[in-house]
2 protein chains.
Amino acid sequence: MKETLNLNAQAVLEAVHTAPSHPTALQIYETVKHTRPHIGLATVYRILHLLVGQQYIKELRYSDESCRYDAKTARHDHAVCMACGGLFDLPVAVDLPHEALEHAAQTVGMQLASHEVRLYGYCPSCQQQNH
Amino acid sequence: MKETLNLNAQAVLEAVHTAPSHPTALQIYETVKHTRPHIGLATVYRILHLLVGQQYIKELRYSDESCRYDAKTARHDHAVCMACGGLFDLPVAVDLPHEALEHAAQTVGMQLASHEVRLYGYCPSCQQQNH
DNA sequence: ATGGGTGCAAATCCTTTGCATCTGC
DNA sequence: GCAGATGCAAAGGATTTGCACCCAT
């Protein structure tokens, strides 16, 4: 299914994997330029779409900022800070009975493929600031 | 807490409420122009932010399209069609034990305020097309 | 020589902002 | 007359596209 990636694509994929959290296209571009100085931002975008299409990575969208990318393709949940907008991976899945999901999906006739839980609240550093 | 809304703001709020699903700013603008022909798109955006800030409505972001608005401010869950990108409100909340949420929130030190479940799958009409 | 991949710049889309004007008080 | 709201047009930021070029086949 997955085809071989050329050098640019490998560099982009590695940048997503090594990024501290969920990088934007621009951050990825800056990182990739270290190893591939000639690469253009448009190419980074083209490769990101390719990688998403082939399920190497996932695309994330939240708050009003730009699109972010996630190297963790396995199903997992997120927490969003309502103060700083930060997005955090939850290390453990929220325990959710499968029947409850199926039941909810059936109410709108949806054929269920996956799901995600998003927690909203205040992250540790934002809690301190407003103590 | 909530202040009185002027005529433009009332028209925008009503447009969000009467829209079939989750309208974009542009769709709201088109609707509002029927009753307030002089209104500008910038004003619609300004009012939408105001209404979000005062919790009259909620802002939604998903897929790669533009921002959408939701008249339903009470907590509820959504289903996203992976084929057509459609977003559907779930009429019933996904049954999720509160302890599970709190536990998940604690793993990242987050002070929990709210949450949302997102189901991903295929909506009825998209199921038919790919039968 | 051919085709896919690429860099660059221009274009596009959504959203925000600057500013002069208008409105109600 | 003032403060806040507004319309318009221009600016801004993220992403996409057009196109000529380059490289490996």
Side-chain angles (χ1 to χ4, degrees), chain A residues 1-16 19 21-54 56-70 84-87, chain B residues 1-16 19 21-54 56-70 84-87:
Chain A
M1 206 67 63
K2 297 184 178 183
E3 299 161 27
T4 49
L5 300 176
N6 67 20
L7 289 179
N8 277 343
Q10 284 174 32
V12 168
L13 181 56
E14 188 183 325
V16 178
S21 66
H22 305 89
T24 64
L26 204 60
Q27 290 168 340
I28 295 163
Y29 170 61
E30 297 296 344
T31 302
V32 171
K33 269 206 297 197
H34 296 153
T35 51
R36 315 230 88 223
H38 284 298
I39 201 169
L41 183 52
T43 301
V44 171
Y45 274 108
R46 282 187 279 238
I47 290 174
L48 285 171
H49 289 170
L50 184 95
L51 295 177
V52 170
Q54 299 187 214
Y56 279 102
I57 59 177
K58 285 207 297 191
E59 206 179 82
L60 291 176
R61 207 163 285 267
Y62 67 102
S63 87
D64 53 347
E65 288 157 18
S66 49
C67 192
R68 287 161 181 280
Y69 295 89
D70 194 337
C84 69
L87 181 81
Chain B
M1 205 69 64
K2 296 183 178 183
E3 299 160 25
T4 48
L5 301 176
N6 67 21
L7 291 177
N8 277 342
Q10 283 174 32
V12 168
L13 181 56
E14 187 182 326
V16 177
S21 67
H22 304 89
T24 65
L26 203 61
Q27 290 167 340
I28 294 163
Y29 170 62
E30 297 295 345
T31 303
V32 170
K33 268 206 297 198
H34 295 154
T35 52
R36 319 229 85 222
H38 285 297
I39 202 168
L41 182 54
T43 302
V44 171
Y45 273 109
R46 281 188 280 239
I47 290 173
L48 285 171
H49 289 170
L50 184 96
L51 294 177
V52 170
Q54 300 189 211
Y56 279 101
I57 59 178
K58 286 207 295 189
E59 207 178 81
L60 291 177
R61 207 163 286 268
Y62 67 103
S63 86
D64 53 346
E65 288 158 19
S66 50
C67 192
R68 287 161 180 278
Y69 295 90
D70 193 337
C84 68
L87 181 80

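Order of the sequence lines fixes the chain letters, A, B, ..., with proteins taken first and strands second; residue numbering starts at 1 for each chain. We use all heavy atoms of the structure for the numbers below, so side chains are in, but hydrogens, waters and symmetry mates are not. Remember, predicted model here, so these are calculated numbers, not experimental data.
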From the candidates D:dG7, C:dA9, C:dT15, the one with an atom nearest any side-chain atom of A:A42 is C:dA9
note: A:Y29, atom OH; C:dT6, atom P; distance rounded to Å ~ 14 Å
**Request:** Would you check if A:R36 and A:L7 make a side-chain contact, meaning some heavy-atom pair closer than 4.5 Å?
**Result:** yes
Using OP1 and OP2 only, check whether a side-chain N or O of A:H49 sits under 4.0 Å from D:dT16.
yes
To the nearest angstrom, the CG-P distance between B:L60 and C:dT15 comes to 13 Å
Against the side chain of A:T43, the closest entry in C:dC8, C:dT17, C:dG7 is C:dG7
Among C:dT15, C:dT6, D:dG7, the one nearest any side-chain atom of B:L41 is C:dT15
Does B:Q27 reach the main-chain N or O of B:T24 with its side chain, forming a donor-acceptor pair under 3.5 Å?
-> yes
Between CG of B:N8 and P of C:dG24 the distance, given in whole Å, is 12 Å
Closest of C:dT16, D:dT15, D:dG7 to the A:C67 side chain is D:dT15
Note to self: A side-chain contact here means heavy atoms from C-beta on lying under 4.5 Å apart; do A:V12 and A:L5 qualify?
What the structure shows: no
With the side chain defined as heavy atoms from C-beta on, B:I47 is closest, among C:dG7, D:dT6, C:dT6, to D:dT6
In whole angstroms, the gap separating P of D:dA5 from CG of B:L48 amounts to 15 Å
- On a plain distance test, is the side chain of B:R46 in donor-acceptor contact with the base of D:dG4 below 3.5 Å? no
Separation of C:dC14 atom P from B:E59 atom CD, nearest Å, is 15 Å
Exercise for the section: Would you state whether a donor and an acceptor, one from the side chain of B:R36 and one from the base of D:dG7, lie under 3.5 Å apart? Expected result: no
### Message
So, OP1 or OP2 of D:dT6: does either fall under 4.0 Å of a side-chain N or O from B:N6?
### Response
yes
Could you check if a side-chain atom of A:Y69 sits within less than 4.5 angstrom of a side-chain atom of A:H22, using non-hydrogen atoms only? no
Which is true for A:I39 with a 4.0 Å heavy-atom rule: it touches a base, it touches only sugar-phosphate, or it touches nothing?
sugar-phosphate
Of the candidates D:dA14, C:dT16, C:dT6, the side chain of A:Y45 sits closest to D:dA14
Check: Taking the side chain as C-beta and beyond, is there a heavy-atom pair between B:V32 and B:Y29 under 4.5 Å?
Finding: no
Atom CG of B:L50 and atom C1' of D:dA5 are separated, to the nearest Å, by 11 Å
Atom CG of A:L7 and atom C1' of C:dT6 are separated, to the nearest Å, by 13 Å
Whole-Å distance, A:H38 NE2 to C:dT6 C1', equals 12 Å
